[in-house]
Amino acid sequence: MAEKQGRIMKALSGFYYVKCEDGLVECKPRGKMRKENLTPLVGDEVLISMTGKKGVIEQLLPRRNSFIRPPVANLDALVLLAANSNPITDPFLIDRVAAIAGSRDVPVILCVNKIDLDPGENLCTIYRHAGFRVIETSAETGEGVDELRKEISGKTVAFTGNSGVGKSSILNALCPDFAIQTGEVSEKLGRGRHTTRHVELYELPDGTCIADTPGFSSFDTEQMELVVKEELQYAFPDFAPYLGQCQFRDCAHIKEPGCCVRQALTDGQIGQTRYDSYVRLYESAKGIKLWELPK
């Protein structure tokens, strides 16, 4: 049976919609994948066989990277939305997701949204100082949207962020054809209703592919994957100039003497919230082993 190659553009209720040269094909994975504990992800390149007008995913092609949350593969960048106004984004949420992306060599673009309500100067300062690409946007006024569009042009990116920060609104501003239901932020709860029900890649005319995914919140971060403690230091780009210079080769940068990372913190070269997030993640990661991480 002839196979053809395509890319998973949408996952919904156990069905995968694969874009091939001749169009979009609704597929189910071959049963052997479940036995082999292989789960297709949006963004995967796959080989499919056809049964009439529907297809079967026969094989997942090698991935460059993959994530559990957001559940996507083969990203060129992760766009992390934050805001300093209803809801206010906790820097720890940013740092945790950025560490996961960094451990997979996926660059993070921090999009500080809702600047028409609050400019979020503190967030911008923290992450520019840490070496992140930071773009300030307002889905309401359109400010910064063209800059973001240019930054992601031609790339495959996922949008994520705590609920209510305006992911869907920014996507609609980037391309009105998305027509994504944005929902309203609950003033009482200070967080958004989950309006995204599935994961899907939206393709723009310039070849950019954007994944809109369910948000993360302070209530579900413990369900996110961790980075093992031995690798965590490398997932913080602002630590990079000081790694390998500590007194002890296996320095954890927590309380060891002669630690160059902690000295950089004292000198103001590393931000306090960034270091605090590192310590918190390190403590969480103590029990995680390399073989327990998703491949």
Side-chain angles (χ1 to χ4, degrees), residues 6-19 24-31 33-48 55-57 59-81 93-94 96-109 111 152 155-165 167-168 170-171 178 180-181 183 192-203 208-228 235 288 292-295:
R7 187 183 200 191
I8 298 178
M9 301 298 288
K10 180 168 69 171
L12 179 62
S13 302
F15 290 93
Y16 298 89
Y17 298 83
V18 179
K19 182 183 179 183
L24 202 64
V25 182
E26 181 184 283
C27 298
K28 293 281 284 186
R30 182 67 70 187
M33 288 189 177
R34 189 178 297 107
K35 294 179 181 178
E36 296 172 358
N37 201 27
L38 295 175
T39 302
L41 297 175
V42 167
D44 268 329
E45 294 286 342
V46 297
L47 294 179
I48 68 170
V56 176
I57 298 175
Q59 182 182 347
L60 302 182
L61 299 180
R63 293 167 173 162
R64 290 184 287 118
N65 52 66
S66 64
F67 295 79
I68 292 176
R69 189 171 182 86
V72 291
N74 298 320
L75 292 183
D76 296 310
L78 184 67
V79 180
L80 208 168
L81 270 81
L93 295 178
I94 299 174
R96 182 163 193 174
V97 175
I100 293 167
S103 71
R104 288 151 173 74
D105 295 321
V106 175
V108 169
I109 301 166
C111 179
I152 65 176
K155 298 176 181 176
T156 296
V157 300
F159 274 55
T160 191
N162 52 302
S163 297
V165 293
K167 293 185 302 297
S168 295
I170 282 291
L171 288 175
F178 285 158
I180 296 171
Q181 180 186 0
R193 301 189 187 104
H194 288 281
T195 56
T196 307
R197 301 302 182 193
H198 64 279
V199 181
E200 182 169 359
L201 281 181
Y202 297 89
E203 191 167 12
T208 304
C209 285
I210 300 176
D212 185 35
T213 68
F216 64 88
S217 72
S218 58
F219 301 101
D220 59 19
T221 51
E222 295 308 314
Q223 298 175 19
M224 296 167 63
E225 63 258 56
L226 294 170
V227 181
V228 290
I288 303 297
E292 294 177 328
L293 289 179
K295 300 299 182 185

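For the numbers below, each heavy atom of this structure counts, side chains included, while hydrogens, waters and symmetry mates do not.
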Please name the pair of heavy atoms, one in [X] and one in [Y], separated by the smallest distance, quoted to 0.1 Å.
X     : Y      : answer
Asn74 : Glu45  : ND2-N, 3.9 Å
Asp44 : Leu41  : OD2-N, 2.7 Å
Cys27 : Val18  : SG-CG2, 3.8 Å
Val72 : Ala211 : CG1-CB, 4.0 Å
Tyr17 : Glu26  : OH-OE1, 3.2 Å
Pro40 : Pro29  : CG-CB, 4.1 Å

With rounding to the nearest 0.5 angstrom, report the [atom1] to [atom2] distance, [X] to [Y].
X      : Y      : atom1 : atom2 : value
Glu36  : Arg30  : CD    : CZ    : 12.0 Å
Ile152 : Ile210 : CD1   : CD1   : 4.0 Å
Asn37  : Arg34  : CG    : CZ    : 11.0 Å
Leu78  : Cys111 : CG    : SG    : 11.5 Å
Tyr16  : Arg7   : OH    : CZ    : 16.0 Å
Leu80  : Asn162 : CG    : CG    : 8.5 Å

Answer whether the closest heavy-atom distance between the side chains of Gln59 and Leu61 falls below 4.5 Å.
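Result yes, sub-4.5 Å side-chain heavy-atom pair found.
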Close side-chain approach of Leu12 and Glu200, heavy atoms under 4.5 Å:
no
Judged by atom type as modelled, is there a donor-acceptor pair below 3.5 Å linking the side chain of Asn65 to the main-chain atoms of Leu75?
yes
Lys19 atom NZ, over 12 foreign heavy atoms within 6.0 Å
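No, because the 6.0 Å sphere around NZ of Lys19 holds 12 heavy atoms or fewer from other groups.
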side-chain hydrogen bond (donor to acceptor under 3.5 Å, both in side chains) against Asp76, all qualifying residues, sequence neighbours excluded:
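Counting only residues at least two positions away or on another chain, Asp76 forms a side-chain hydrogen bond (donor to acceptor under 3.5 Å, both in side chains) with Arg64.
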